There are 2 protein chains.
Amino acid sequence: MSKQADGRSVSEGRRRTKMSKGDLREQALLDATEELLRRSTVAEMTMEAVAKEAGITRSAAYFYFASKEDLVHAVIERATRYIYTGIEASAKASDSTGLQRAIDVQVDNWRRHGHIFRVGVELSTRSQYRQVWVSLMEHGIDLACQAVAHDRARGLVHGDPEQDRAQLDAIAWMGERTCYLLFTRDHSDAEEEQLRITLSTLAHRALGYIATD
Amino acid sequence: MSKQADGRSVSEGRRRTKMSKGDLREQALLDATEELLRRSTVAEMTMEAVAKEAGITRSAAYFYFASKEDLVHAVIERATRYIYTGIEASAKASDSTGLQRAIDVQVDNWRRHGHIFRVGVELSTRSQYRQVWVSLMEHGIDLACQAVAHDRARGLVHGDPEQDRAQLDAIAWMGERTCYLLFTRDHSDAEEEQLRITLSTLAHRALGYIATD
DNA sequence: AACAGAATCGACGCAGCGTTGACAATAATC
DNA sequence: GATTATTGTCAACGCTGCGTCGATTCTGTT
């Protein structure tokens, strides 16, 4: 669909890569898209609307992004970069377990970037883009894995670490799915908290954390 | 979108409900759709193709189903009815726990009806159709709940049953998501077995089943 | 035979995506 | 500052695919 091997992002029309005035338009398009996606699904959102919101013509938009999907893809990538740094940052210590923190990070990210994550999930049903979403998840799972390993080193976990990866994999997708369902409908703070507790309890028990609940 | 309050299914064009020759065509359309959906996503599948496969014109198809989504919806409903009966049937006793059986049923259903389930997941990102899929899942969760209650009565589970429902909810969606990911890509039998084990272990530990692993 | 309803089809309108080619603005080079 | 290349813009076009309509044929009933 687009190049990815070379330096730059997956999404460019016929544009050269060089700093210029039009880069503002590119940003404007990304902003417009992200904004519109807050209230519509990918299918509902139209290029006409995006272009209008960004102050240009629909066809002009195709100068910057080769296709609608590429545009959406770019929005996700941009958000992803931002989110990644957030994940690393919150790896600082606290009194709770590393696993607990990993779960908190996931739920927090859904709270803050739910509109983007929602789009990621939607797009992940298209075979060409599934990998984008899966990769993002796997990055999170890697971090969770490290957190659990660290917890083990602190003697917080019993049982063998053989299955940790497989379990965390399943747990992460459980979090994704339940968060998706919660954050794409009206819900109370209490429900969020309840979900956080459920996921936490479940994960700690499953991995063999010594009881503290 | 369509009526649902009265007797019949959600999907009818302008057709009267009466047994006739054209009912065969209706079946043919459903069959054609199910067949095409084995190899395409909903978005990729075209009404032209479905109609051709069923031996009629595209516009003729609209005599039977008001829209493409309604047609797909009908396919899911038909399969769902079939699957429901299968679920009830497999509630017969065995040496394993009820929870184990519930998980086996889920994985088995993905093995057998994966192509339909995949479509359900795809369609569930459309707000109008999410409920269809959620309802199907909830039906399964209800059964799993009963199974666990029964296991408790047999003394297989310790801890309080307070959170059972919430936990099973999360566990079910974990199963859905991981099965979706596995069954929509090439995979070996071993991977299926591994998934089954992971889900099973995780669920039993989380709910407080007495250790047998 | 006559009639009603069931079923079929071709043609139409429409939304939305992506393309093209001509043109304007901006920057680079001399 | 004039020439040229690059960057950016847009209107018009073509295309696919969905859903609709009205005219027409088929089928069974009285």
Side-chain angles (χ1 to χ4, degrees), chain A residues 1-3 8 10-30 32-33 36-37 40-75 122-123 126 128-129, chain B residues 1-3 8 10-30 32-33 36-37 40-75 122-123 126 128-129:
Chain A
M1 181 134 292
S2 302
K3 51 242 178 117
R8 236 44 219 150
V10 95
S11 48
E12 334 179 0
R14 355 168 192 165
R15 193 120 179 299
R16 302 283 180 285
T17 22
K18 205 180 174 190
M19 256 306 187
S20 119
K21 197 66 168 294
D23 285 333
L24 292 175
R25 287 283 148 80
E26 188 166 325
Q27 286 303 314
L29 278 171
L30 291 174
T33 305
L36 291 187
L37 282 178
S40 344
T41 100
V42 178
E44 285 161 4
M45 185 193 76
T46 161
M47 286 298 270
E48 181 72 41
V50 175
K52 189 185 228 178
E53 175 93 8
I56 56 177
T57 320
R58 189 175 64 85
S59 46
Y62 282 92
F63 179 78
Y64 297 95
F65 298 94
S67 75
K68 181 183 177 180
E69 281 188 340
D70 267 13
L71 173 55
V72 174
H73 188 175
V75 169
E122 281 174 24
L123 218 64
R126 316 254 180 138
Q128 321 109 320
Y129 288 102
Chain B
M1 182 130 296
S2 302
K3 50 242 176 114
R8 234 48 217 147
V10 95
S11 48
E12 337 181 359
R14 354 165 193 165
R15 193 121 179 298
R16 301 285 180 284
T17 21
K18 205 180 173 189
M19 256 307 187
S20 119
K21 195 66 166 295
D23 285 332
L24 292 176
R25 287 284 147 82
E26 189 166 324
Q27 285 303 314
L29 278 171
L30 292 174
T33 305
L36 291 187
L37 283 178
S40 344
T41 105
V42 178
E44 287 162 3
M45 184 194 75
T46 163
M47 286 296 272
E48 181 73 40
V50 175
K52 188 185 229 178
E53 175 93 9
I56 56 177
T57 318
R58 190 175 62 87
S59 47
Y62 282 92
F63 179 79
Y64 297 94
F65 298 95
S67 75
K68 182 183 175 179
E69 281 187 340
D70 267 14
L71 173 55
V72 174
H73 188 175
V75 168
E122 281 174 25
L123 218 63
R126 315 254 179 139
Q128 321 108 321
Y129 288 102

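These numbers were taken from a predicted model, which means no experiment stands behind them. In what follows, every chain begins at residue 1, and chains take the letters A, B, ... in the order their sequences are listed.
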Would you mind reading off the distance between [X] atom [atom1] and [N] atom [atom2], rounded to a whole angstrom?
{"X": "B:Y64", "N": "D:dG19", "atom1": "OH", "atom2": "P", "answer": "18 Å"}
{"X": "B:I56", "N": "D:dT24", "atom1": "CD1", "atom2": "C1'", "answer": "17 Å"}
{"X": "B:F63", "N": "D:dA23", "atom1": "CZ", "atom2": "P", "answer": "18 Å"}
{"X": "B:D70", "N": "D:dT20", "atom1": "CG", "atom2": "C1'", "answer": "15 Å"}
{"X": "A:D23", "N": "C:dA25", "atom1": "CG", "atom2": "P", "answer": "20 Å"}
{"X": "B:L24", "N": "C:dT8", "atom1": "CG", "atom2": "P", "answer": "10 Å"}

Residue pair [X] / [Y]: nearest heavy atoms and the distance that separates them:
{"X": "A:Y129", "Y": "A:L123", "value": "CB-O, 3.7 Å"}
{"X": "A:A61", "Y": "A:M47", "value": "CB-CE, 4.5 Å"}
{"X": "B:E122", "Y": "B:V42", "value": "OE1-N, 3.2 Å"}

| said: So does B:S59 get a backbone contact from the side chain of B:T57, meaning a donor-acceptor N/O pair under 3.5 Å? | reply: no
Between the CG atom in B:L37 and the CD atom in B:E44, the distance rounded to the nearest 0.5 Å is 10.0 Å
Interatomic distance, CG@A:D70 vs NZ@A:K68, rounded to 0.5 Å, equals 12.5 Å
Any side-chain N or O of B:R25 under 4.0 Å from OP1/OP2 of C:dA6? no
Write down the protein N/O and nucleotide N/O pairs, taken from nucleotides 12-19 of chain C, whose separation is under 3.5 Å; answer none if there are no such pairs.
from: C:dC17; atom 1: OP1; to: A:K68; atom 2: NZ; distance (Å): 3.2
from: C:dC17; atom 1: OP2; to: A:T46; atom 2: OG1; distance (Å): 3.4
from: C:dC17; atom 1: OP2; to: A:M47; atom 2: N; distance (Å): 3.3
from: C:dC17; atom 1: N4; to: A:R58; atom 2: NH2; distance (Å): 3.4
from: C:dG18; atom 1: OP2; to: A:Y62; atom 2: OH; distance (Å): 3.0
from: C:dG18; atom 1: OP2; to: A:K68; atom 2: N; distance (Å): 2.9
from: C:dG18; atom 1: N7; to: A:R58; atom 2: NH1; distance (Å): 2.8
from: C:dG18; atom 1: O6; to: A:R58; atom 2: NH2; distance (Å): 2.5

